[in-house]
Amino acid sequence: MGTTALIPKRGSQGSIASYQTDSSGNVTGLLAPSGTNAPLSRQSSIASLKLLPSPGSQALAGDITSGKVINSQLPAFAPFFGVKLIYQNYDTANTMDIDGVKVAPSVATAGAGSSANNSALTFSGFVTFAGSQSVSIPVAVTGVGGQVIPTEIVSDFIQITSLARTDTVGAPPLLRVATHFAPSANQTVHPSYNGTNYTNLNTLAANPKFNHGNNSFTGTLAALITSAQPTYDIYGGVQNPIGAIFYYSSGVQEIAAFGDSLIQGVGSSTSYAGWPEYLTWGSYSNSLNFVCANYGTSAQKTVDTLAVAKAVLSKYSPKYAVMKAWSPNDGNTQAIFDASWGYTLEFINYCLNLDIIPIVLTSGPATGYSWTLTKAQNVRVMALPASVIKVDVAAIINNSASDGTILPAYDSDGTHYNDAGYAAIADEVKTSIAY
């Protein structure tokens with residue numbers, strides 16, 4: 001037997017998870033780091049979770065008698081051998097009631113904008129949630145900062161093996177998911193996306209057919225079992241599940257990024273492609289093995305960013321989690337900067353208790369906000385201990401020739417960054433992580 005180095009645990013530990021291989025190099029098992037528990041998430045990735053703009057609200061126009069089926073298509077980062085599905089509820093008044101989910105690998109996507117069946121699918125048995133075929137996702141809550149904090153459910157592990165694409169050789173593997181929502185869920189609010197963003201992010205990926213798609217129809221649970229409904233390609237609309245944790249043979253380092261429009265990517269020409277997307281797409285084409293889940297939401301305050309991070313990280317464990325130490329949405333006084341710092345320290349503590357490596361970003365200049373207070377906050381960030389990865393965004397973005405303004409090459413509107421700015425931040429995040 002041989003072993004192949006996989007993924008370091010937290011930097012101070014220096015432990016290495018590795019694969020057990022046979023004499024030909026074929027993977028035969030997983031070896032945990034000595035003296036550790038090696039969570040399975042360390043060998044998985046959130047390949048398609050939130051590689052899209054943040055969700056809005058769209059009512060699901062289901063049938064009160066038979067419910068609604070949503071047939072979704074999710075792209076993976078590489079060939080996969082298992083998956084967990086992730087659902088979120090953004091409705092603050094109604095639960096999201098699911099009474100059946102089935103999955104299948106798919107070898108082809110529908111044509112652009114087409115609703116034709118992309119393949120004949122054979123769905124597996126029902127997906128379970130804590131051993132049950134049905135699940136009720138609790139109502140969401142409204143955060144202190146005024147934004148909706150979603151509730152999240154992660155399914156049990158599903159063994160499923162991807163199939164090679166036949167429509168575009170080498171394109172990302174696809175997972176088809178058919179979800180039946182109970183009749184009581186006909187008014188449940190689901191995430192919605194703009195189709196333009198699908199198109200632009202697919203272009204940014206520099207790989208054909210890295211697409212999301214979905215189709216919904218009124219039907220009974222029995223229809224879910226027997227129907228081979230079509231999946232729309234590229235177009236926006238209801239999208240469930242919101243993502244998946246895929247299990248790959250090669251080590252992938254997953255990053256969940258939380259924050260405001262500067263995390264979301266407002267200002268870029270590719271419709272909200274922030275640095276998490278640039279890092280992911282660069283990894284896909286260069287085998288750097290970083291996959292980012294972008295939870296950035298425009299207008300979000302740091303207090304709600306912390307709440308979203310806790311809601312998400314309590315359900316699964318990415319290797320890294322990212323947050324900024326202040327947002328322009330918070331305000332512009334010393335007391336506000338101090339409060340944001342407290343939320344940042346709680347974020348760090350929460351991550352470390354879950355064995356997630358925290359990454360904290362400094363803040364660049366923002367029109368109308370005190371650069372003196374921002375710089376003082378950035379000093380706090382860079383003085384954090386070695387257990388926290390620090391990424392000095394301000395050092396990249398600030399225009400030294402006109403201190404307190406964004407470098408013209410990276411500026412979109414005085415507060416947000418352009419494509420080059422977000423790409424530069426992605427590079428800095430990459431080089432700040434020891435891997």
Review point. Who pairs with Ala257 by side-chain contact (heavy atoms from CB on, under 4.5 Å), at least two apart in sequence or on another chain?
Key: Ile263, Trp275, Pro276, Val322

Study note, to complete from the structure: So salt bridge (charged side-chain N to carboxylate O under 4.0 Å, His left out) across residues 125-136, not counting sequence neighbours, yields none

Practice item. Mind running side-chain contact (heavy atoms from CB on, under 4.5 Å) on Thr92 and Val139 for me, showing each step along the way? Key: CA-CA 5 Å; Thr92 57; Val139 297; 5.7 Å; no

Point to revise | Main-chain N/O of Val391 paired with Glu428 side-chain donor or acceptor, under 3.5 Å | key: no

Practice item. Mind checking side-chain hydrogen bond (donor to acceptor under 3.5 Å, both in side chains) for Ser261 and listing every partner two or more places apart, or none if nothing turns up? Key: His416

**Study point:** Those residues that, when tested against Asp304, pass side-chain hydrogen bond (donor to acceptor under 3.5 Å, both in side chains) (two or more places apart)
**Key:** none

Check your understanding: Are the side chain of Asn332 and the backbone of Tyr369 linked by a donor-acceptor contact shorter than 3.5 Å?
Key -> no

Check your understanding: Can you list the residues that meet the salt bridge (Lys or Arg N to Asp or Glu O under 4.0 Å) rule with Asp427, with sequence neighbours excluded?
Key -> Lys430

Point to revise | Single hit among Val135, Thr151, Val177 for side-chain contact (heavy atoms from CB on, under 4.5 Å) with Tyr87 | key: Val177

Contacts table for residues 342-352: side-chain donor-acceptor under 3.5 angstrom, sequence neighbours left out:
unit_1, atom_1, unit_2, atom_2, d
Thr344, OG1, Ser340, O, 2.8
Glu346, OE2, Lys310, NZ, 2.8
Tyr350, OH, Lys310, O, 3.4

Check your understanding: Are the side chain of Ser268 and the backbone N or O of Gly274 linked by a donor-acceptor pair below 3.5 Å?
Key -> no

Practice item. Please collect all salt bridge (charged side-chain N to carboxylate O under 4.0 Å, His left out) contacts where either partner lies in residues 364-375, sequence neighbours excluded, each pair once. Key: Lys375-Asp403

Output a table of donor-acceptor pairs, distance under 3.5 Å, between side-chain atoms of residues 359-366 and any protein atom two or more places apart or on a different chain; print 'none' if there are none.
unit_1, atom_1, unit_2, atom_2, d
Thr362, OG1, Asp392, OD1, 2.9
Thr362, OG1, Val393, N, 2.8
Thr362, OG1, Ala394, N, 2.9
Ser363, OG, Trp326, O, 3.3

Study note, to complete from the structure: Residue set satisfying side-chain hydrogen bond (donor to acceptor under 3.5 Å, both in side chains) with Asp260, at least two apart, ordered chain then number -> Lys324, Ser327

Review point. Can you name the ring-ring contact (aromatic ring centres under 6.0 Å, His included) partners of Tyr410, sequence neighbours left out?
Key: none

Point to revise | Test side-chain hydrogen bond (donor to acceptor under 3.5 Å, both in side chains) applied to Gln147 - qualifying residues, sequence neighbours left out | key: Gln300

Check your understanding: Taking the six-membered ring for Trp, are the ring centroids of Tyr247 and Phe81 within less than 6.0 Å of each other?
Key -> no

Check your understanding: Can you check whether Ala311's main-chain N or O pairs, donor with acceptor, with Ser314's side chain at less than 3.5 Å?
Key -> yes

Review point. Is there any salt bridge (charged side-chain N to carboxylate O under 4.0 Å, His left out) pair reaching into residues 326-340, and which pairs are they, with sequence neighbours excluded?
Key: Asp338-Arg380

